[in-house]
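I have placed the structure first, in the form of structure tokens, so that the comments after it can refer back to it.
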Amino acid sequence: MKWQGVYEKAYKWAKEEINDSPGIALGFHSVVDGLINVKENEFEKIADLRSYVQDEPPISIKTPEDFLKGFAYSFSKGKALQIMIESENVYKWIKENFGFGQIRLGGTSANMAVALSKFGFKDVLIYIYPLSKDLVELFPESDNLKTIDSDGNIVHPKHAWNEEGIKAVHWIFEFKKGQKISGIECPRDNRFIASWNPVNSKLKISESFKINFPKYIDRYRKFIIAGFHIMREVYPDGETVDKRFDELVSFVKEIKEKGISIHAEMASIRYPKVRKNIVERIFPLIDSSGMNEVELSWIAKDLGFYSEELERSNPIKVYEFLKFLLKETGIKRIHYHTLGYYIVVSNDENKEKELMKLSTAALAAAYRAKFAVSPNIDDLESVMKIPISDTGKKAAETLKSTDAIVLPTKVVEKPKLTVGLGDTISSIAFCL
Ligand code: 8BR
């Protein structure tokens with residue numbers, strides 16, 4: 001009863017709050033997604049999946065075998081995983097075997113921008129690179145969704161293109177609990193993402209954006225940075241990720257000086273040096289970060305912490321490690337999400353407000369899971385009756401005596417879509 005009351009209160013609160021929503025800007029990762037609902041026989045035709053199951057997934061995809069190992073890992077554990085394809089031959093091999101699937105808009109920044117603008121935030125600006133017609137036309141019609149074109153004008157993404165063609169594709173293989181491939185049964189609905197993105201893997205900030213964004217900066221009070229998972233440690237031209245982060249760090253410093261509140265979204269970042277740069281160089285500068293249990297456990301591994309319990313979402317271990325991260329890096333807030341509950345550790349004393357934000361985000365995630373589209377704030381009423389997770393209630397009970405803010409979430413029994421849920425959760429909670 002108690003938690004249901006929190007959700008109902010949050011819904012009313014968010015409807016008021018959205019009226020005063022600040023301008024929000026997002027970068028640096030929008031892409032064309034190819035969505036494929038996994039069919040057992042498609043994989044069985046190619047290989048016996050049992051030969052590819054291993055404890056650790058590959059770091060990147062350089063061969064078809066790496067692709068199958070990544071898929072087998074994700075499918076057999078029911079775990080979300082994203083790996084970059086680093087060979088054009090494999091890109092062609094996947095295209096031949098699976099096609100592009102259902103083409104849709106993807107990329108963390110784009111997913112978040114759509115979620116926020118649809119939700120009702122008044123002014124959402126998305127950085128898009130490259131400004132390709134095939135990509136920008138996937139953005140929904142919406143008056144509150146804008147980008148900056150190469151002439152420095154703020155326009156709807158559809159009017160901003162200056163080149164054509166699909167320059168990158170991220171294949172999303174969605175699978176369902178109970179599906180069986182080569183005798184392996186999938187334990188949980190989730191997805192495996194294989195990404196081909198040679199054009200944007202440097203997370204380049206275009207000259208046009210660097211010059212023009214500062215002109216409009218007073219309109220934007222929040223900035224969400226994402227897309228680190230498509231970066232490499234060393235690029236084919238020899239440039240290193242440390243060098244790439246020099247540019248990102250100086251951008252973050254520049255907007256921080258203008259008083260913009262900054263959130264960095266983690267993702268399935270396979271390269272340790274990319275994670276190290278975020279934790280050591282970005283976290284100390286920013287206000288907030290969002291991550292799931294796998295993402296948190298990888299950071300823990302990097303820092304020499306035993307991580308098995310973290311990956312299994314043991315609430316006490318998660319809480320302890322989040323507190324450690326806050327203290328060590330100086331970041332002000334971390335929003336952790338897992339199936340059944342969210343935990344926030346933060347320097348902010350206003351716990352009640354944080355709980356309102358989290359509950360609103362959880363309702364939005366439930367809506368997206370149930371209907372496979374992002375909700376408008378008024379849509380949230382339709383998911384109000386979805387039951388609240390017992391695992392989540394236990395986690396809240398376990399951490400009752402700590403300063404963690406824990407929200408047991410509503411879990412949709414048969415979700416239509418799991419991709420983009422983390423993006424929805426983190427962005428709505430941060431922007432409210
Ligand atoms: P990522 O996108 O970062 O993996 O986050 C996914 C989040 O979506 C999970 O942490 C969980 O909170 C939420 N989620 C998933 Br997965 N399935 C869900 C479901 N069926 N109902 C509600 N939320 C779900």
Side-chain angles (χ1 to χ4, degrees), residues 3 7 29 33 35 74-75 77-83 106-112 114-115 170 172-178 186-193 195 224 226-229 263-270 289-299 310-313 315 318 322 334-344 358-375 380 382-393 395-396 406-430:
W3 291 111
Y7 278 99
H29 171 44
D33 272 351
L35 182 70
S74 188
F75 181 86
K77 293 188 188 290
K79 278 200 179 299
L81 176 69
Q82 176 161 9
I83 317 187
T108 319
S109 308
N111 285 339
M112 287 180 163
V114 171
H170 290 203
I172 301 175
F173 292 88
E174 285 256 353
F175 41 76
K176 300 263 165 247
K177 179 178 173 177
C186 173
R188 175 173 147 188
D189 290 16
N190 226 316
R191 78 276 170 179
F192 170 63
I193 308 179
S195 303
I224 302 182
F228 305 105
H229 55 293
H263 174 97
E265 185 66 8
M266 298 301 285
S268 200
I269 300 167
R270 297 293 295 130
S289 179
M291 62 191 74
N292 68 21
E293 68 280 9
V294 177
E295 292 149 17
L296 184 75
S297 74
W298 286 355
I299 296 177
L310 284 174
E311 222 174 299
R312 282 201 219 110
S313 305
V318 169
L322 290 174
I334 304 178
H335 176 181
Y336 166 91
H337 57 265
T338 191
L339 190 65
Y341 60 97
Y342 309 152
I343 299 177
V344 165
L358 296 184
S359 313
T360 311
L363 290 170
Y367 187 93
R368 186 173 163 95
K370 190 165 169 154
F371 299 108
V373 287
S374 293
L380 300 189
S382 66
V383 286
M384 200 57 95
K385 294 212 170 73
I386 292 174
I388 296 163
S389 157
D390 286 333
T391 314
K393 287 181 191 162
V406 188
L407 178 80
T409 59
K410 292 177 176 276
V411 174
V412 173
E413 212 172 292
K414 289 204 170 83
K416 269 206 188 134
L417 189 72
T418 62
V419 70
L421 286 183
D423 301 342
T424 299
I425 294 164
S426 293
S427 62
I428 290 181
F430 173 67

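Counting convention: from 1, in listed order, for ligands and their atoms alike.
- Under 3.5 Å, the side chains of Thr108 and Glu265 contain no donor-acceptor pair of N or O atoms.
- Of all protein heavy atoms, the one lying nearest to atom 8 (O) of ligand 1 is Leu421 CB, 3.3 Å.
- Annotation: side chain of Leu339 is in contact with side chain of Arg188 (closest heavy-atom distance under 4.5 Å).
- Residues Ser313 and Tyr336 bring a donor and an acceptor atom of their side chains to less than 3.5 Å of each other.
- The side-chain heavy atoms of Lys370 and Lys410, taken from C-beta on, include no pair separated by under 4.5 Å.
- Ligand 1 places these atoms under 4.0 Å from at least one heavy atom of Gly422: 1 (P), 2 (O), 3 (O), 5 (O), 6 (C).
- Among protein heavy atoms, the minimum distance from atom 10 (O) of ligand 1 is reached at His337 CD2, 3.0 Å.
- Considering every non-hydrogen atom in both Asn111 and Gly420, the closest pair reads ND2-CA, 4.1 Å.
- Contact annotation for Pro415 and ligand 1: only side-chain heavy atoms (C-beta onward) come within less than 4.0 Å of the ligand.
- Scanning the protein heavy atoms around atom 20 (N) of ligand 1, the nearest turns out to be Val412 O, 2.9 Å.
- Within the 4.0 Å heavy-atom criterion, the part of Thr338 lying near ligand 1 is the backbone and not the side chain.
- Nearest heavy atoms, Ser289 versus His263: C-CE1, 3.3 Å.
- The single protein non-hydrogen atom nearest to atom 22 (C) of ligand 1 is Lys410 O, 3.4 Å, given as residue, atom name and distance.
- Contact analysis puts Tyr342 in contact with ligand 1, with a non-hydrogen atom separation below 4.0 angstrom.
- Ligand 1 does not have Glu413 within reach: every non-hydrogen atom of the residue lies 4.0 Å or more from it.
- Counting all heavy atoms, side chain and backbone alike, Ser389 lies closest to Gly392 at OG-N, 2.9 Å.
- Between Arg270 and Leu81, some side-chain heavy-atom pair lies under the 4.5 Å cut-off.
- Where the criterion is an N or O separation shorter than 3.5 Å, residue side chain and backbone included, Gly420 fails it with respect to ligand 1.
- Of all the heavy atoms in Tyr7 and Pro408, the pair that sits closest is OH-O, 2.7 Å.
- Side-chain atoms of Leu35 and Glu174, non-hydrogen and from C-beta on, do get closer than 4.5 Å to each other.
- Near Asn292, meaning under 4.0 Å from one of its heavy atoms, ligand 1 places the atoms 1 (P), 3 (O), 4 (O).
- Where the criterion is an N or O separation shorter than 3.5 Å, residue side chain and backbone included, Arg191 meets it with respect to ligand 1.
- Contacts of Lys177 with ligand 1, taken as heavy-atom pairs under 4.0 Å, are absent altogether.
- Look at Lys416 and you'll find every heavy atom at least 4.0 Å from all atoms of ligand 1.
- At least one heavy atom of Leu339 sits closer than 4.0 Å to an atom of ligand 1.
- The protein heavy-atom contact nearest to atom 16 (Br) of ligand 1 is Arg188 NH2, 4.0 Å.
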